[in-house]
Amino acid sequence: QTLKERSPVCTALEGMIERHMSLTSLHLHNNKLGDPGATAIGNAVSHNFVLQHLSLSWNGIGPSGATALSRGLKGNRSMRELDLGWNALGDAGATSIAECMATTQSIEHLDLRHNDIQPDGAMMLADCFRFNDICLTVDLCFNPIMRQGVSFILQSKDESCVRHWGLQAVLQSSGHHGRSHVSGNTAATRTLKRRVHGRDMSGYYVLHLNDPYDHGVAGTFLVFFYF
């Protein structure tokens with residue numbers, strides 16, 4: 001479970017970031033911080049002007065956490081790299097990040113991979129970089145922004161400071177493809193609903209063929225490929 005509001009961990013985390021003025025990099029990926037943790041960090045970074053690299057990937061952060069974090073980052077002038085990959089920001093969270101990026105002039109690299117950002121979120125992100133002169137890299141890989149979202153990015157490209165957009169696997173819907181073809185196969189149906197495990201930092205699901213469940217999944221995939 002993610003952290004609860006006003007938990008001792010949130011209080012300690014916020015205080016640590018505020019007090020340690022020699023801290024330049026903070027990597028907290030896969031710690032189940034959730035929205036309360038993101039809120040605490042957002043409060044802290046508004047008073048910290050030395051932190052340059054912040055990684056919060058794999059923490060179950062949603063729209064409200066993204067909003068609180070963005071609020072704190074608007075007043076921060078030291079942050080150079082922000083990693084929010086593999087969370088649950090959605091379009092609402094992406095909009096909050098976009099509002100932050102339109103005003104902050106320090107973040108050069110922004111990682112938003114695998115956050116279920118769709119065309120509306122992509123439109124907000126594409127538009128915000130018309131007002132930003134600093135950011136060079138934005139990674140939107142594994143977000144279903146589809147052709148419409150890519151079109152928004154391409155239309156803003158000439159007016160944008162961003163030199164590299166990560167767009168791998170952005171034309172794939174967030175829905176579960178192929179369910180109608182495997183409705184009778186229990187293992188396959190469970191697989192299509194199963195998410196990447198939180199501790200698999202590569203972002204790919206690894207099949208262990210000595211496990212009965214995974215062995216069944218592999219057999220189902222073979223049916224797809226050869227029949």
Side-chain angles (χ1 to χ4, degrees), residues 27-30 33 35 38 41-42 52-71 73-74 79-177 195-198 200-205:
H27 299 271
L28 293 171
H29 50 268
N30 197 28
L33 298 177
D35 292 329
I41 293 171
Q52 298 179 20
H53 307 279
L54 178 61
S55 175
L56 297 175
S57 60
W58 293 87
N59 271 295
I61 299 170
S64 63
T67 298
L69 185 62
S70 298
R71 190 183 305 120
L73 286 170
K74 285 180 180 178
M79 195 70 64
R80 295 288 179 266
E81 184 173 350
L82 177 63
D83 182 359
L84 290 172
W86 297 88
N87 281 294
L89 304 187
D91 283 347
T95 298
S96 294
I97 297 296
E99 291 172 354
C100 169
M101 296 302 296
T103 58
T104 186
Q105 294 293 323
S106 63
I107 298 175
E108 298 174 352
H109 305 285
L110 177 64
D111 190 338
L112 297 176
R113 287 176 294 170
H114 210 293
N115 267 288
D116 198 30
I117 298 170
Q118 301 188 35
D120 287 347
M123 177 181 67
M124 298 302 294
L125 288 165
D127 189 58
C128 80
F129 290 109
R130 300 175 193 265
F131 309 97
N132 183 303
D133 299 324
I134 297 296
C135 192
L136 300 175
T137 303
V138 179
D139 198 337
L140 287 176
C141 292
F142 303 103
N143 284 292
I145 67 172
M146 311 304 287
R147 293 184 184 277
Q148 186 179 4
V150 174
S151 177
F152 290 137
I153 292 171
L154 292 177
Q155 289 172 18
S156 67
K157 195 171 184 298
D158 291 340
E159 301 177 59
S160 172
C161 59
V162 179
R163 293 294 171 262
H164 175 76
W165 289 87
L167 297 175
Q168 180 182 355
V170 296
L171 301 182
Q172 299 176 6
S173 170
S174 58
H176 303 301
H177 290 301
R195 294 183 178 180
V196 178
H197 193 279
D200 178 8
M201 302 307 291
S202 67
Y204 297 93
Y205 185 77

>> Could you walk me through whether His29 and Trp58 satisfy the ring-ring contact (aromatic ring centres under 6.0 Å, His included) test, starting with their C-alpha distance in whole Å, then the side-chain angles of each, then the deciding distance to 0.1 Å, before giving a yes or no?
In response: CA-CA 6 Å; His29 50 268; Trp58 293 87; 9.5 Å; no

> Backbone N or O of Leu84 within a donor-acceptor pair of the Asn115 side chain at under 3.5 Å?
Replying inline: yes

> Which of these, Leu140, Leu125, Asp127, Val138, sits in a side chain to side chain contact (heavy atoms under 4.5 Å, CB included) with Ile153?
Replying inline: Leu140

>> I need the minimum non-hydrogen distance between Ser55 and His27, along with the two atoms involved.
In response: CB-ND1, 3.5 Å

> Sequence neighbours excluded, which residues qualify as salt bridge (charged side-chain N to carboxylate O under 4.0 Å, His left out) partners of Asp91?
Replying inline: none

>> Could you measure the distance from the OG atom of Ser57 to the NE2 atom of His114? Nearest 0.5 Å is fine.
In response: 12.5 Å

>> With a 3.5 Å distance limit and no angle check, can you tell me whether Ser96 reaches the backbone of Ser70 through a side-chain donor-acceptor pair?
In response: no

>> For Thr104, is there any backbone N or O sitting under 3.5 Å from a side-chain donor or acceptor partner on Asn132?
In response: yes

> Of the non-hydrogen atoms in Phe152 and Met123, which two are nearest, and what is the gap between them?
Replying inline: CD1-CB, 3.4 Å

> Which pairs with one or both residues in residues 139-157 pass side chain to side chain donor-acceptor pair (under 3.5 Å), sequence neighbours excluded?
Replying inline: Ser151-Gln155

> How about His109 and Thr137: does a side-chain donor come under 3.5 Å of a side-chain acceptor?
Replying inline: yes

> If you take all heavy atoms of Ala98 and Met124, which pair is closest and at what distance?
Replying inline: CB-O, 3.5 Å

>> How long is the straight-line distance from CH2 of Trp86 back to SG of Cys141, given to the nearest 0.5 Å?
In response: 10.0 Å

> What are the two closest non-hydrogen atoms of Pro119 and Pro144, and how far apart are they?
Replying inline: CD-O, 3.7 Å

> Between atom OG of Ser64 and atom CG of Leu69, what is the distance when rounded to the nearest 0.5 Å?
Replying inline: 11.0 Å

> Under 30°, 30 to 60°, or over 60°: which ring-plane class applies to Phe129 and Trp165, parallel, tilted or perpendicular?
Replying inline: perpendicular

>> Check whether Asn87 reaches the backbone of Gly60 with its side chain - one donor and one acceptor, N or O, closer than 3.5 Å.
In response: yes

> What is the minimum heavy-atom distance between Ala94 and Gly121, and which atoms define it?
Replying inline: CB-CA, 4.1 Å

> Between the main-chain N or O of Leu56 and the side-chain N or O of Asp83, is there a donor-acceptor pair closer than 3.5 Å?
Replying inline: no

> Could you state the interatomic distance from CD (Glu99) to NZ (Lys74), rounded to the nearest 0.5 Å?
Replying inline: 5.5 Å

> Between CG of Leu89 and OG1 of Thr67, what distance do you get to the nearest 0.5 Å?
Replying inline: 9.5 Å

>> Ile145 vs Leu167, test: side-chain contact (heavy atoms from CB on, under 4.5 Å). Steps then yes/no.
In response: CA-CA 9 Å; Ile145 67 172; Leu167 297 175; 4.0 Å; yes

> Looking at Leu73 and Met79, what are the two nearest heavy atoms and their distance?
Replying inline: CD2-CE, 3.9 Å

>> Rounded at 0.5 Å granularity, tell me how far CG in Leu110 sits from CD in Glu81.
In response: 10.0 Å

> What pairs with Arg80 under salt bridge (charged side-chain N to carboxylate O under 4.0 Å, His left out), at least two apart in sequence or on another chain?
Replying inline: none

